[in-house]
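Just so we're clear, the structure is a prediction, and the values are computed from it rather than from any experiment. Naming: A, B, ... by sequence-line order, numbering from 1 per chain.
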There are 2 protein chains.
Amino acid sequence: MSLATDREKLPAVGKPTLYKQIRLDIERRILTGEWPPGHRIPFEHELMARYGCSRMTVSKALSELAQADLIERRRKAGTFVRRPTFLSAVLKIADIRAEITALGRSYGYELIQCSRRAATAADRARLGARQTGKVIAIACRHSADDVPFAIEDRLIDLDAVPEAAAADFATEPPGSWLLHHVPWTEAEHSICAIVADQQAAAALDIAIGAPCLVIDRHTWRSARPLTAVRLLYPGETHKLIARFKGG
Amino acid sequence: MSLATDREKLPAVGKPTLYKQIRLDIERRILTGEWPPGHRIPFEHELMARYGCSRMTVSKALSELAQADLIERRRKAGTFVRRPTFLSAVLKIADIRAEITALGRSYGYELIQCSRRAATAADRARLGARQTGKVIAIACRHSADDVPFAIEDRLIDLDAVPEAAAADFATEPPGSWLLHHVPWTEAEHSICAIVADQQAAAALDIAIGAPCLVIDRHTWRSARPLTAVRLLYPGETHKLIARFKGG
DNA sequence: CATGATTTTATGTATAGACATATAGATACG
DNA sequence: CGTATCTATATGTCTATACATAAAATCATG
């Protein structure tokens with residue numbers, strides 16, 4: 001069968017491949033509102049004709065858009081622009097050491113306290129672990145250019161992460177060590193604001209009553225709790241940036 | 001050509017399609033750490049043999065994993081498990097009205113102030129717009145079960161969003177109106193903590209000096225600023241939840 | 001040894017065709 | 001009229017094949 005010669009001309013910037021052109025073209029129509037949420041986008045056979053290509057090619061473009069959650073495909077019914085119910089933003093929380101060095105500032109790390117102990121009831125509650133034997137409790141401070149950047153209060157489940165027993169948290173920050181040595185499957189962050197108490201104020205070198213941004217992060221591997229950490233940042237100087245990512 | 005009969009048996013839960021089994025199988029090996037970051041996963045022709053299928057099928061599985069940023073594919077070199085430098089979490093920030101009603105609580109909305117004016121230099125700076133004629137400035141309060149939930153301070157670029165002139169922000173919260181009427185392409189959130197000043201304390205019914213969580217959101221369409229909004233939440237009662245999403 | 005040309009190879013894109021599957025809409029039936 | 005059944009159809013998966021492309025590896029050359 002002869003290919004269509006009336007392939008619609010798209011702005012070929014740098015000659016992207018055809019399926020990417022199709023993907024970008026549809027994406028553009030969605031993002032500009034030309035095809036609003038709920039709109040049924042043309043059937044695959046119509047897109048085949050429009051772009052003069054095979055069904056696999058348009059299907060590949062649509063599959064990627066579906067994976068990016070921009071469209072929804074329903075058998076027999078067609079393909080529809082998704083109605084965004086949430087403003088979905090990607091929050092990239094870097095390992096603190098990496099974050100500071102990426103900013104071109106000198107990273108400082110100070111272990112305040114590190115103890116290994118049998119898990120208390122409070123430890124188990126914090127980790128969300130039913131039966132945990134030993135834990136490591138760590139308190140430490142991160143600084144950038146010798147200015148306090150964040151304080152960290154962490155609990156590691158030694159039964160779930162036995163390798164942590166051999167790690168030297170006096171020299172390596174636990175977050176960096178964990179990120180590079182321990183695979184995980186789920187993480188949850190809870191973000192809130194508090195005011196600094198006496199202890200936090202002293203550690204962060206801010207005034208008592210100054211605002212602090214708090215990130216509580218829980219990490220699991222296959223539903224098993226690995227570690228729970230609370231990070232405390234000076235609230236007015238530190239900002240978390242979350243960017244929308246479409247696709 | 002005869003298909004391989006030695007197709008590796010995978011735990012067929014509900015009989016997913018083959019490429020999805022392959023995708024999940026590889027995903028599992030990555031997430032359990034069996035294939036650590038940097039590991040070269042088998043070549044496509046090896047996977048073809050292992051799963052007894054065509055190259056297109058393994059390629060589809062790998063493409064999805066690549067789109068989800070779990071692997072990196074390099075021509076000639078092969079396919080590698082990505083080294084996660086960031087803890088990437090998806091922050092779903094709902095429209096406040098939707099968020100409150102989803103919690104089963106009664107939503108209350110109160111317009112505090114709404115004015116249309118020629119943009120001042122400060123307005124332009126806040127929006128990041130070079131030349132903007134008119135803007136709408138809105139202050140309002142959201143409440144849940146008659147308890148103050150958040151206060152909102154928003155600026156809308158009327159040149160970029162002329163439809164906003166016809167909206168009735170006395171009855172409909174601007175966030176909901178915008179989400180349903182105005183397409184956008186980029187959004188950036190900046191999250192920090194402050195302490196309540198006299199005005200914020202009065203509006204949120206909290207003490208002066210109490211911690212507040214602040215979300216500053218800027219929204220653009222094709223690099224053109226549409227709106228800038230600052231949301232102020234009582235810091236200790238409101239929590240933002242960000243979940244890691246893998247794929 | 002360094003450097004540039006050549007070969008090899010793994011991924012990237014694309015095709016035509018086949019069959020599977022879910023389901024919206026039409027049709028038959030009680 | 002409501003309900004069960006059938007049918008048409010759009011998407012979902014998969015194959016076998018072809019050629020493109022980028023880059024690692026090798027080889028030839030000064």
Note to self: Tell me whether the side-chain N or O atoms of A:R73 pair up with the base of D:dT11 as donor and acceptor below 3.5 Å, since no angle test is needed here.
What the structure shows: no
Next item on the list: Flag the pair A:E99 and A:R97 as a salt bridge only when some basic side-chain nitrogen lies within less than 4.0 angstrom of an acidic carboxylate oxygen.
Entry: no
Next item on the list: Please report, rounded to the nearest Å, how far the C1' atom of C:dT11 is from the CZ atom of B:R40.
Entry: 13 Å
Next item on the list: Take atom CD of B:Q67 and atom P of C:dT13, then tell me their distance rounded to the nearest Å.
Entry: 12 Å
Note to self: Heavy-atom nearest nucleotide on DNA chain C for B:M56 versus B:P42: which residue maps closer to 5'?
What the structure shows: B:P42
Margin query: Is A:T79 close enough to D:dT11 that one of its side-chain N or O atoms is under 4.0 Å from OP1 or OP2 there?
Written below: yes
Checklist line | Approximate separation, where rounding is to 0.5 Å, of A:D146 CG and A:S106 OG | finding: 5.0 Å
Check: Do we see a donor-acceptor contact under 3.5 Å between the side chains of A:R40 and A:T79?
Finding: no
Item checked: Length of the line joining A:Y51:OH and C:dT15:P, which is rounded to integer Å -> 14 Å
Notebook entry, point to check: At under 4.0 Å, does any side-chain N or O of B:T17 touch on OP1 or OP2 of D:dT13?
Noted result: yes
Notebook entry, point to check: Counting only distance, no hydrogens or angles, is the base of C:dG12 paired donor-acceptor with the side chain of B:R55 under 3.5 Å?
Noted result: yes
Note to self: In whole Å, I'd like the distance from the NZ atom of B:K76 to the C1' atom of C:dT9.
What the structure shows: 4 Å
Note to self: Rounded to whole Å, how long is the line connecting atom CG of A:L62 with atom P of C:dA14?
What the structure shows: 14 Å
Check: In whole angstrom, what separates B:L65's CG from C:dG12's C1'?
Finding: 16 Å
Item checked: Mutual orientation of the aromatic rings belonging to B:H142 and B:Y109 [parallel < 30°, tilted 30-60°, perpendicular > 60°] -> tilted
Next item on the list: Among the candidates C:dT8, C:dA24, D:dT11, find the nucleotide nearest to the side-chain atoms of A:E44.
Entry: D:dT11
Next item on the list: Can you check whether any acceptor in the base of C:dT23 is under 3.5 Å from a donor in the side chain of A:R75, or vice versa?
Entry: no
Margin query: Expressed as a whole number of angstroms, how long is the span from B:F43:CZ to C:dT8:C1'?
Written below: 12 Å
Notebook entry, point to check: Can a side chain N or O of A:K20 be found less than 4.0 Å away from OP1 or OP2 on C:dT13?
Noted result: yes
Checklist line | Ring geometry between A:F149 and A:Y233 (parallel below 30°, tilted from 30 to 60°, perpendicular above 60°) | finding: perpendicular
Margin query: Can you tell me which nucleotide in D:dC14, C:dA14, C:dT9 comes closest to the side chain of A:Y19?
Written below: C:dA14
Item checked: Euclidean distance, atom CE of residue A:M48 to atom C1' of C:dA16 [Å, nearest integer] -> 9 Å
Next item on the list: Using a heavy-atom cut-off of under 4.0 Å over every strand shown, decide if B:S63 touches base, sugar-phosphate, or nothing.
Entry: nothing
Margin query: Is B:K60 close enough to D:dT13 that one of its side-chain N or O atoms is under 4.0 Å from OP1 or OP2 there?
Written below: yes
Check: Which of these nucleotides, C:dA14, D:dT15, D:dT11, is closest to any side-chain atom of A:T57?
Finding: C:dA14
